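We name chains A, B, ... by the order of the sequence lines, and we start the count at 1 in each one. Predicted model only: the values in this text are computed from it and were never measured.
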Number of protein chains: 2
Amino acid sequence: MARAAVKAQAAEPLDGAERILQILSESARLFATTGYDGTSMRDIAEACGISKSLLYHHFKDKDEIYARITLGSTRELYQFVFDRLPEGARPIERIRGFMVATGEYFQRYRWAWVASTTAFWNDPEQRRQKERMMWRDRYENLLRGLIQAAIEAGELRPLDVPLAGRLILSSLNWMHRWYKPEKGMSAPQIADAYFDMILNGLKVEG
Amino acid sequence: MARAAVKAQAAEPLDGAERILQILSESARLFATTGYDGTSMRDIAEACGISKSLLYHHFKDKDEIYARITLGSTRELYQFVFDRLPEGARPIERIRGFMVATGEYFQRYRWAWVASTTAFWNDPEQRRQKERMMWRDRYENLLRGLIQAAIEAGELRPLDVPLAGRLILSSLNWMHRWYKPEKGMSAPQIADAYFDMILNGLKVEG
DNA sequence: GCAAGGATCGACCGGACGGTCAGGTGTTCC
DNA sequence: GGAACACCTGACCGTCCGGTCGATCCTTGC
């Protein structure tokens, strides 16, 4: 009877892959809403209904969870957008495709997107940070290439390409600060509206 | 001789007001670069060359320092921009004034600006947060009023005013993520370039 | 010359954090 | 039936954090 308190096994065992997905999804939500430092391993465990120790069974440490989310979603964003660029379309329409696809990605993978977009401070593991930035740069260069092509095709005025790219990315990257999914336009719709405003300008025609 | 280790007084005493400014300035820099949670009271004390206890002599707690910075700079931003709107100018030029003034504020009070622009999570003291949001709203509504006036004056196309406002603010609020003060355009110059792109559009004229 | 009060310090506290450990269950495979 | 292994647990550890305390030093005013 001295062993009365033993009784382990509270959460029903899940297949490893499912558990890992659950952990990543709950972590992404927490990181996105309360930040890296504001999210403790205890919070994550509680949100998953498991013990803290189990997190360390599946992941080396907190930073590995974080890196999986941010690196993963940055890489995926690039691939997601790249795959959706309308082939053979006019350069200007490809820019619209870039923006709308980014809006779609944001809407689908909101928490991971927010976590990795706001990833900024904390560079605990330099190598991981570097790899993430590599994909981020690739994503940004993809847009710059589209802008450059549109200029050469005579569809855009000759302009400061990096700055124009930053203007477009700013509009998309800032969305998470005010976007409420339950009401108003969807994220791709917003991206499309931004496309119209940025490309045509706010001024009256002529 | 048992008192050998006493010897207090390491930092030369400063007039209270100067010390407070020093603390606020160092804190703003730290909050902006390493975040709220990533900045400890020990970090702040060390950056100021004083003991941790002294921080508590001047401020009630960590959150009071943070609130002073973020609330203060949000209120100041509104006032700063408001005072620089060109009176009597065409509505569209007043929008330019809004953007350039914001760029100037960013350049001058960079760390406080970044700290308060990225303030997001952590609402430890609800009242302070509310007051900050009030000034933030006032700032945003100022811009919306300018846009509305420009539409009514026939200088802007009829458009979704809140969305157009967000587009403009996004471009300014995202600047701190890539801006390097030592090279390239100054912040007001960037704001002006953004104004041109957003108002006239990226597309070739006609 | 001494009281008052602001500026400053080092030592300390309770609590939360990231992470470890030894072990308990349940399945699968020989 | 038992070895191997994946899944899971509570108890524990050292560290750092925000914050407190009592004392010392310095200036100012009487």
Side-chain angles (χ1 to χ4, degrees), chain A residues 1-24 26-27 30-31 34-69 121-125 128, chain B residues 1-24 26-27 30-31 34-69 121-125 128:
Chain A
M1 64 325 189
R3 323 293 287 105
V6 167
K7 198 69 224 301
Q9 217 71 9
E12 78 256 44
L14 279 189
D15 170 73
E18 293 175 39
R19 182 65 83 199
I20 286 176
L21 287 180
Q22 182 200 23
I23 292 173
L24 288 176
E26 292 294 335
S27 302
L30 287 168
F31 285 141
T34 61
Y36 182 82
D37 291 313
T39 302
S40 74
M41 293 299 267
R42 283 166 179 83
D43 293 337
I44 296 174
E46 195 175 346
C48 296
I50 60 178
S51 74
K52 192 160 62 79
S53 319
L54 188 50
L55 295 176
Y56 290 94
H57 177 68
H58 289 297
F59 296 91
K60 179 169 147 283
D61 55 21
K62 184 180 180 182
D63 188 54
E64 193 193 339
I65 300 180
Y66 189 68
R68 273 281 289 271
I69 294 168
W121 25 72
N122 67 62
D123 42 337
E125 181 67 63
R128 290 167 175 162
Chain B
M1 59 331 188
R3 321 292 290 107
V6 167
K7 198 70 225 300
Q9 219 69 9
E12 78 257 43
L14 280 188
D15 168 74
E18 292 175 40
R19 181 64 84 196
I20 286 176
L21 287 181
Q22 181 200 24
I23 293 172
L24 289 175
E26 293 294 335
S27 302
L30 287 168
F31 286 141
T34 61
Y36 182 82
D37 291 313
T39 302
S40 73
M41 293 298 268
R42 283 166 178 84
D43 292 338
I44 297 175
E46 194 174 346
C48 296
I50 60 178
S51 74
K52 194 160 62 77
S53 320
L54 188 50
L55 294 175
Y56 290 93
H57 176 69
H58 290 296
F59 296 92
K60 178 170 148 281
D61 55 20
K62 183 180 180 181
D63 188 55
E64 193 193 337
I65 301 180
Y66 188 67
R68 274 280 290 272
I69 293 169
W121 25 72
N122 65 64
D123 40 341
E125 181 66 64
R128 288 168 176 163

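Applying the side-chain contact (heavy atoms from CB on, under 4.5 Å) rule to A:E64 yields the partners A:F59, A:K60, A:D61, A:R128; only residues at least two apart in sequence or on another chain are considered. Legend: residues meeting side-chain contact (heavy atoms from CB on, under 4.5 Å) with A:L21, ordered by chain and number and at least two apart, are absent. B:S53 pairs by the side-chain contact (heavy atoms from CB on, under 4.5 Å) definition with B:S51, not counting sequence neighbours. For the side-chain contact (heavy atoms from CB on, under 4.5 Å) test, residues two or more places apart in sequence or in another chain that qualify with A:H57 are A:L54. When the side-chain hydrogen bond (donor to acceptor under 3.5 Å, both in side chains) test is applied to A:T39, the partners found at least two apart in sequence or on another chain are A:T34.
Distances from the side chain of B:S51 to the nucleotides C:dA7, D:dC8, C:dG10 place C:dG10 closest.
Atom CG in A:D43 sits about 12 Å away from atom C1' in C:dG18, given to the nearest Å. Atom pair B:D37:CG and C:dG18:P shows a separation of 11 Å (rounding to whole Å applied). Here D:dC7 presents its P atom at 8 Å from CD1 of A:I20, a figure rounded to the nearest Å. Going from atom CG of A:L55 over to atom P of C:dC17 covers 13 Å, rounded to whole Å. One can place CD1 of A:I50 at 14 Å from C1' of D:dA6, the figure rounded to the nearest angstrom. To the nearest angstrom, C1' of D:dC7 lies 11 Å from CD1 of A:I23. Between B:L54 atom CG and D:dC26 atom C1' the separation is 14 Å, expressed in whole Å. One can place OH of B:Y36 at 13 Å from P of D:dC17, the figure rounded to the nearest angstrom.
A 4.5 Å side-chain heavy-atom check between B:I20 and B:R68 finds at least one atom pair inside the cut-off.
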With 3.5 Å as the limit, what N/O pairs link the protein to nucleotides 19-21 of chain C?
unit_1 : atom_1 : unit_2 : atom_2 : d
C:dG19 : OP2    : A:Y56  : OH     : 3.1
C:dG19 : OP2    : A:K62  : N      : 2.9
C:dG19 : N7     : A:K52  : NZ     : 2.5
C:dG19 : O6     : A:K52  : NZ     : 2.3

Would B:Y66 and B:D63 satisfy side-chain contact (heavy atoms from CB on, under 4.5 Å), going step by step from the backbone distance to the final call?
CA-CA 5 Å; B:Y66 188 67; B:D63 188 55; 4.2 Å; yes

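Across the helix from C:dG1-D:dC30 to C:dC30-D:dG1, the helix axis at one end is tilted relative to the axis at the other end by 10° (nearest 10 degrees, each axis from five pairs).
Close to D:dC8, at under 4.0 Å from its OP1 or OP2, lies a side-chain N or O of A:R19. B:H57 has no side-chain polar atom (N or O) that falls below the 4.0 Å cut-off from OP1 or OP2 of C:dT8. OP1 or OP2 of D:dA6 has not a single side-chain nitrogen or oxygen of A:H58 nearer than 4.0 Å.
Place B:A17 and A:T39 on DNA chain C by their nearest nucleotides, and B:A17 ends up nearer the 5' end.
To the nearest 0.5 Å, atoms CD1 (A:I44) and CD1 (A:I65) are separated by 4.5 Å.
At least one donor-acceptor pair closer than 3.5 Å links the side chain of A:K62 to the backbone N or O of A:Y36.
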